[in-house]
Amino acid sequence: MQFRRPVLRLLPLLPLLAFPQVVFAETVAEPAASDVSVPGEEESIGARSDEILVVGSRLIGTVDAAQPPLVTLNEADIASYGASSLTELLAAVAPQTGSGRGRGGGRPVILMNGQRISNFREMQGFSPEAVRRMEVLPEEVALRYGFPPNQRVINFILKDSFSSRTIDGEYNLPTRGGFADSEATFSLLRIKGPSRINLNAYVEDTSLLTESERGIVQPAGSAPRVVGDPDPAGFRSLIADSRDFGVNGSWSTGLGEKGLAGSISANASFARNDSRSLSGLDSFVLEAPGGSSALHTLGDP
C-alpha cells in the first residue's frame, strides 16, 4: 500500500508533462508571417522612414510678404497687456511698432485681416478679445499698401465669429464740491466672417464751477459798493457747464473668396457739443454831484 499510493498520484500528471512539449515544438516549427522577408522591402521601408509630410494652410488674413513679421502676438500675449481697447494695446506696444527710418517715420500703418482700413474710426471701440493674432511687419511691407518705407505695418487678424457689447460709466466729484462730471460710453461689435459692424456712442456732462465756489479773491475796486448788488464772483465761471454727445458707426465687408479680394466700408459719425460759461456782470460807476462814486453791477450775467 505504501508503494502504490505515490504511483497512482503521479499517473494523472504524465499527460500534462508531455503536452507542453508538443505545443512548444509546433510553435517553433511554424514561422510567423512577419518573419518572412521579401527582397527589396527593407530598402523601400528605410527610404520612406526619413520622409516627413506636413499638410497645412495659411491663416486667413495674414500678409503674404517675403519679409517675416518682427513681432507676433497670439491671444494669450494680447491678454497679458490688460488693454481694454485696441487704442490702449497700440500704446502698450508702441516701442515695438515705432520706426526710426527716414524723416517723419514712426506712426505705424494699420491693417485688418491684411487689408487697409478707411480711417482710424473703423477700429474705435474694438475689443482686444476680437483679435486672434497681431503681427508687426517691417517697413518694406508698407510699400505694398502705398505708404513710404519709413513706417512699420501692424496687421490685426480678427476672429471669424465674434460679438460683444460694452457699457462704461464714470462719475467724478471733487472733495470740496462745487461741480461734478460724468461720462458714459457704449460700444457694439459684431464680426461674421469677412463682414463686421462697429457702433460707438458716448455722453459727457460737466457742471458749472464759479469763482465764488472756490473763494477767489477779487482785485481791488472790482467789488460792487451799492447795497443789494450781486457779487460778480458768482457769475464768473472757472469751469463751463458743458454737454457732449457723439455717435460713430462703421460697416465693412470683404470681397471675393474668403473676403481677400478687397473690401467695401462705410463710416458715419455725429457729434454735438453745448457749452455755457459766464464772464461776469455788466458794471458801471455811479458818480454823485459832490464827486463821490460807487461801482454798480447789473443782475444779468
Side-chain angles (χ1 to χ4, degrees), residues 73 75-98 106-108 110 112 117-132 134 154 156 158-159 161-192 196-216 233-252 265-279 301:
L73 302 179
E75 296 183 39
D77 298 330
I78 295 174
S80 66
Y81 285 94
S84 60
S85 63
L86 292 189
T87 304
E88 294 184 5
L89 179 61
L90 290 175
V93 299
Q96 304 178 70
T97 60
R107 186 174 181 179
I110 304 298
M112 288 281 188
I117 58 177
S118 59
N119 53 61
F120 194 77
R121 287 181 295 183
E122 277 195 39
M123 55 181 293
Q124 182 180 356
F126 254 64
S127 174
E129 288 79 7
V131 180
R132 176 183 296 178
M134 174 182 173
I154 298 178
F156 291 105
L158 306 178
K159 296 180 179 178
S161 179
F162 183 83
S163 178
S164 68
R165 296 174 180 86
T166 305
I167 299 178
D168 293 331
E170 183 178 340
Y171 183 80
N172 299 316
L173 182 66
T175 56
R176 294 185 59 185
F179 83 105
D181 66 86
S182 59
E183 178 182 357
T185 59
F186 169 78
S187 63
L188 169 67
L189 175 62
R190 182 173 298 171
I191 301 175
K192 188 69 174 180
R196 60 180 181 268
I197 298 176
N198 185 23
L199 178 65
N200 299 275
Y202 68 91
V203 178
E204 299 178 359
D205 182 79
T206 302
S207 63
L208 184 70
L209 179 66
T210 62
E211 291 183 355
S212 61
E213 293 175 309
R214 284 293 181 264
I216 303 298
F235 298 90
R236 282 195 290 263
S237 58
L238 298 173
I239 298 179
D241 183 15
S242 62
R243 287 162 298 277
D244 298 335
F245 171 76
V247 178
N248 177 71
S250 62
W251 169 84
S252 178
S265 61
N267 182 271
S269 63
F270 171 81
R272 178 183 175 90
N273 174 266
D274 297 321
S275 179
R276 176 177 177 266
S277 59
L278 305 178
S279 59

Student: Shortest non-hydrogen contact from I117 to R196?
Tutor: CG2-NH2, 4.1 Å
Student: Could you give the distance from CG (N198) to CZ (R190), rounded to the nearest 0.5 Å?
Tutor: 12.0 Å
Student: From L278 CG over to L209 CG, what is the distance, rounded to the nearest 0.5 angstrom?
Tutor: 11.0 Å
Student: Given side chains that start at C-beta, do those of L238 and F179 come closer than 4.5 Å, heavy atoms only?
Tutor: no
Student: Using side-chain heavy atoms (C-beta onward) and a distance below 4.5 Å, is L90 in contact with T97?
Tutor: no
Student: Of the non-hydrogen atoms in E122 and S252, which two are nearest, and what is the gap between them?
Tutor: OE1-CB, 4.2 Å
Student: Please name the pair of heavy atoms, one in E129 and one in F162, separated by the smallest distance, quoted to 0.1 Å.
Tutor: O-CE1, 3.7 Å
Student: Looking only at heavy atoms, which two atoms of S207 and A180 are closest? And how far apart?
Tutor: OG-N, 2.7 Å
Student: Quick one: pull up CD in Q124 and CG in L86 and give me the separation to the nearest 0.5 Å.
Tutor: 11.0 Å
Student: Nearest 0.5 Å, please: how far is CG in D205 from CG in D241?
Tutor: 6.5 Å
Student: May I ask you to test the D168-E170 pair for a side-chain heavy-atom distance under 4.5 Å?
Tutor: no
Student: Between atom CE of M112 and atom CD1 of I191, what is the distance when rounded to the nearest 0.5 Å?
Tutor: 8.0 Å
Student: Could you give the distance from CG (L189) to OG (S163), rounded to the nearest 0.5 Å?
Tutor: 7.5 Å
Student: Using atom types as modelled and distance alone, determine if a side-chain donor or acceptor of S277 lies under 3.5 Å from a backbone N or O of A240.
Tutor: no
Student: Is R236 atom CZ crowded by more than 12 heavy atoms from other residues, nucleotides or ligands, each under 6.0 Å away?
Tutor: yes
Student: Just checking K159: does its NZ atom have more than 12 heavy atoms from other residues, nucleotides or ligands closer to it than 6.0 angstrom?
Tutor: yes
Student: Identify which one of N200, L199, N248 satisfies the side-chain contact (heavy atoms from CB on, under 4.5 Å) criterion when paired with S187.
Tutor: N200
Student: Has the side chain of E213 got a donor or acceptor atom that lies under 3.5 Å from a matching backbone atom of T210?
Tutor: yes
Student: Listed by chain and number, what are the side chain to side chain contact (heavy atoms under 4.5 Å, CB included) partners of D244, not counting sequence neighbours?
Tutor: Y202, E204, N273
Student: Can you name the closest pair of heavy atoms from L208 and R276 and give their distance?
Tutor: CD1-O, 4.0 Å
Student: List the atom of M123, the atom of I110, and the distance in Å for their closest heavy-atom pair.
Tutor: SD-CG2, 3.7 Å
Student: Show the numbers, then the answer: is there a side chain to side chain contact (heavy atoms under 4.5 Å, CB included) between V131 and F126?
Tutor: CA-CA 9 Å; V131 180; F126 254 64; 5.7 Å; no
